[in-house]
Amino acid sequence: MATVFSGIQPTGEVHLGNYMGALRQWVKLANEGHDCTFSVVDCHAFTLPYAAADLPKRVFETAVAVLSTGLDESKVNIFVQSDVPEHTELAWYLSCVAPMGELGRMTQFKEKGENKDSVGTGLFTYPVLMAADILLYRATLVPVGHDQLQHLEFARDVARHFNHRFKREVFPEPKPYPLTLRIRGTDGNEKMSKSRGNTIAMLDSQATIWKKLKGAFTDPERTTLEKPGRPSVCNIFTMHGVVTPAATVTEIEANCQNATIGCGACKKVLAESLETELTPIRSRAAALNAEPERVTELLKVGAERCRARAKETMAIVKDAAGVRGALSRP
Ligand code: TYM
């Protein structure tokens, strides 16, 4: 059984990219009985400007969305990152072995820092905190979407550097979950992302989902119904692969290539698959929203369990690094 860790930023809106790229795999791994820990990573949100008054609501909404996917809270740990201060503590130790050159090559840093006169150091060291999140639980398996693979590779390097420097296998090297997806935006942009305004939210109503799907980008070269489509470049087909039964996916693929199904009809099938998949999630979210104190309690219990584990790892890390402080000396 693997030790699994993954995180999601508190945007407040979990979209189909998050769901298909990550959360769906979280549920699968939890159901398979792996040791799973998942976090709403609010400290990562500090890296870019935001309205402080909005953050608690965003954290809550994100936690509700995560819980509503069907994760069994008695089997997995779900918590808010800032409730376990060892994340930022470990990030400091790791930053001392993390190569700056590698940080400078991170695509996300380049994208988010682009055209800004000045950015905070936290945006640059973001992947170090992410490595700390994973390594604090000595996780071996990390289910993430395609966009986070570079950060995960960095976390592996940091684990290696730390172990090498202190000549001890403190951290295992975390591996990505084998399925890494990239869900494009409804506008055809490389990535579905709230900041780009091209999302379909996991908790959108069925009517909204259909409205967004109808206008969503498909294969740009399929300009008429008579032209064969290319499922391999179509985002609608990628989403079918996640939520539509395999036999129907095969049929759709052939029909698209033969031009016997149009994009509208293909999207209708996707809307039906999404309805089957998301209806139970929407009901669970409504039930959780009706009981906010239950959500808070679940996050509290999750944080307590994670803190105990985090303290154990910090003791090992400090021991390896010879960091004891005067108070813990005999
Ligand atoms: P975040 O909050 O941007 O996204 C959460 C998860 O959703 C995946 N994802 C996507 N997958 C496919 N297609 C998309 N369009 C798409 N958009 C988002 C992301 O890959 C991610 O798995 N840095 C991370 C959060 C994080 C983390 C961690 C993840 C912090 N610490 C430790 C794993 C382990 C992030 O910003 O994800």
- prompt: Under the 3.5 angstrom rule, does the side chain of Gln25 hit a backbone N or O of Gly21 as a donor-acceptor pair?
  reply: yes
Same cluster (ILVMFWY, side-chain, under 4.5 Å), Val40 and Leu55: yes
field: Evaluation steps, side chain to side chain contact (heavy atoms under 4.5 Å, CB included), between Val243 and Met20
entry: CA-CA 9 Å; Val243 291; Met20 294 182 174; 4.0 Å; yes
- request: Evaluate the side-chain proximity of Glu102 to Pro127: yes if any heavy-atom separation is below 4.5 Å, no if none is.
  value: no
- request: Report whether Ile261 and Leu274 are members of the same hydrophobic cluster (ILVMFWY, side-chain heavy atoms less than 4.5 Å apart, transitive linking).
  value: no
- prompt: Would you say Glu13's side chain and Glu61's backbone share a donor-acceptor pair under 3.5 angstrom?
  reply: no
- prompt: What are the two closest heavy atoms between Val295 and Ala63, and how far apart are they?
  reply: CG1-CB, 4.5 Å
- prompt: Is any side-chain heavy atom of Phe171 closer than 4.5 Å to a side-chain heavy atom of Val317?
  reply: yes
- prompt: Are Leu129 and Met314 connected, step by step, through hydrophobic side chains (Ile, Leu, Val, Met, Phe, Trp, Tyr) whose heavy atoms are closer than 4.5 Å?
  reply: no
message: For a quick check under 3.5 Å, do Thr208 and Ser205 share a side-chain donor-acceptor pair by atom type?
response: yes
- request: Measure the spacing between CG of Leu179 and CZ of Arg24 and express it to the nearest 0.5 Å.
  value: 9.5 Å
- request: Quick one: closest heavy-atom pair of Tyr137 and Cys306, and the distance?
  value: OH-CB, 3.4 Å
query: Could you give the distance from OG (Ser193) to CZ (Arg184), rounded to the nearest 0.5 Å?
result: 14.0 Å
query: Considering residues at least two apart in sequence or located in another chain, which fulfil the side-chain hydrogen bond (donor to acceptor under 3.5 Å, both in side chains) criterion with Lys191?
result: Asp147
- line: Rounded to the nearest 0.5 angstrom, the NZ-CZ distance for Lys167 and Arg165 is 10.0 Å
- prompt: So which heavy atom on Leu135 is nearest to which on Thr313, and how close?
  reply: O-CG2, 3.9 Å
Phe5 ring center within less than 6.0 Å of Phe38 ring center: no
query: Which residues satisfy the side-chain hydrogen bond (donor to acceptor under 3.5 Å, both in side chains) test with Gln81, sequence neighbours excluded?
result: His44, Asp133
- prompt: Looking only at heavy atoms, what is the nearest atom pair of Leu278 and Tyr19, with distance?
  reply: CD2-CE2, 4.3 Å
- request: Search all heavy atoms of Ala98 against all heavy atoms of Val128 and return the closest pair with its distance.
  value: CB-CG2, 4.0 Å
query: Rounded to the nearest 0.5 Å, how far apart are CD1 of Ile183 and OG1 of Thr238?
result: 6.0 Å
message: Any carboxylate oxygen within less than 4.0 angstrom of a Lys/Arg side-chain nitrogen, looking at Arg156 and Glu173?
response: yes
- prompt: Any side-chain heavy atom of Arg294 sitting closer than 4.5 Å to one from Glu73?
  reply: yes
query: Asn258 side chain to Ala254 main-chain N or O, any donor-acceptor pair under 3.5 Å?
result: yes
- request: Taking only Lys NZ, Arg NE, NH1 and NH2, and the carboxylate oxygens of Asp or Glu, determine whether Lys57 and Asp54 approach each other closer than 4.0 Å.
  value: no
- prompt: Any sub-3.5 Å donor-acceptor pair from Arg58's side-chain atoms to Gly12's backbone N or O?
  reply: no
- prompt: Which residue, Ile134, Thr3, Leu29, forms the side chain to side chain contact (heavy atoms under 4.5 Å, CB included) with Leu141?
  reply: Leu29
task: Could you tell me if the ring centre of His161 sits under 6.0 Å from that of Phe154?
output: no
- prompt: Just by modelled atom types, is the Asn255 backbone N or O under 3.5 Å from a matching donor or acceptor in the Thr260 side chain?
  reply: yes
message: Does this structure show an ion pair linking Glu221 with Lys227, if we count only N-O contacts that are shorter than 4.0 Å?
response: no
Side-chain heavy atoms of Ser95 within contact of Thr125, under 4.5 Å: no
- prompt: If two hydrophobic side chains count as joined below 4.5 Å and joins carry through other members, does Val76 share a cluster with Leu288?
  reply: yes
task: Please test Phe79 against His87 for ring pair (Phe, Tyr, Trp, His ring centres under 6.0 Å), starting from the C-alpha separation and ending with a verdict.
output: CA-CA 12 Å; Phe79 72 105; His87 284 254; 5.5 Å; yes
task: Using salt bridge (Lys or Arg N to Asp or Glu O under 4.0 Å) as the criterion, list what pairs up with Glu275, not counting sequence neighbours.
output: none
query: Do Tyr93 and Lys318 come close enough that some side-chain heavy atom pair is under 4.5 Å?
result: yes
message: Tell me whether Thr250 contacts the main-chain N or O of Ala246 through its side chain, where contact means a donor paired with an acceptor under 3.5 Å.
response: yes
Derivation and outcome, salt bridge (charged side-chain N to carboxylate O under 4.0 Å, His left out), residues Asp319 and Arg168: CA-CA 10 Å; Asp319 185 55; Arg168 247 214 247 173; 2.8 Å; yes
- prompt: To which residues is Val249 joined in a hydrophobic cluster, defined by side-chain heavy-atom contacts under 4.5 Å among Ile, Leu, Val, Met, Phe, Trp and Tyr, whether direct or through other members?
  reply: Phe237, Ile252, Val269
Residues which pass side-chain hydrogen bond (donor to acceptor under 3.5 Å, both in side chains) with Thr279, listed by chain and number, not counting sequence neighbours: none
- prompt: For His15, does its backbone N or O pair with a side-chain atom of Asn18 as donor and acceptor, under 3.5 Å?
  reply: yes
Audit row: Asn289, Phe60, side chain to side chain contact (heavy atoms under 4.5 Å, CB included) steps and yes/no: CA-CA 9 Å; Asn289 276 321; Phe60 181 83; 3.6 Å; yes
- prompt: Sub-3.5 Å donor-acceptor pair from the side chain of Gln150 to the main-chain atoms of Arg105, do we have one?
  reply: yes
- prompt: Considering all heavy atoms of both residues, which atom of Met202 and which atom of Ile281 are nearest to each other, and what is their separation?
  reply: CE-CG2, 3.7 Å
message: Once you measure the plane-to-plane angle for Phe166 and Phe162, does it fall in the parallel (<30°), tilted (30-60°) or perpendicular (>60°) bin?
response: tilted
- prompt: Under the 3.5 angstrom rule, does the side chain of Lys268 hit a backbone N or O of Gly264 as a donor-acceptor pair?
  reply: no
message: Show, in sequence, the C-alpha distance, side-chain angles and deciding distance for Asp204 and Lys211, and conclude whether the salt bridge (charged side-chain N to carboxylate O under 4.0 Å, His left out) test is met.
response: CA-CA 10 Å; Asp204 270 345; Lys211 197 165 151 227; over 6 Å; no
- request: Using a strict cut-off of less than 4.0 Å between a Lys/Arg side-chain nitrogen and an Asp/Glu carboxylate oxygen, indicate whether Arg222 and Asp219 qualify as a salt bridge.
  value: no
Gap between atom CG of Leu270 and atom SG of Cys263 - 0.5 Å precision: 12.0 Å
message: Return the NZ to CD1 distance between Lys214 and Ile209, rounded to the nearest 0.5 Å.
response: 14.0 Å
query: Is there a chain of hydrophobic side chains (I, L, V, M, F, W, Y, each step under 4.5 Å between heavy atoms) that links Leu181 to Trp26?
result: yes
field: Salt-bridge contact Arg309-Glu312 (side-chain N to carboxylate O under 4.0 Å)
entry: no
query: What's the verdict on side chain to side chain contact (heavy atoms under 4.5 Å, CB included) for His240 and Cys266, showing C-alpha distance, side-chain angles and the deciding distance?
result: CA-CA 9 Å; His240 268 304; Cys266 177; 3.5 Å; yes
message: Main chain of Thr186, side chain of Lys212: is a donor-acceptor contact present, judged purely on distance under 3.5 Å?
response: no
message: Do the side chains of Glu272 and Lys267 get close enough for a salt bridge, i.e. N-O under 4.0 angstrom?
response: no
field: Nonpolar side-chain network containing Met1, other nodes, edges under 4.5 Å
entry: none
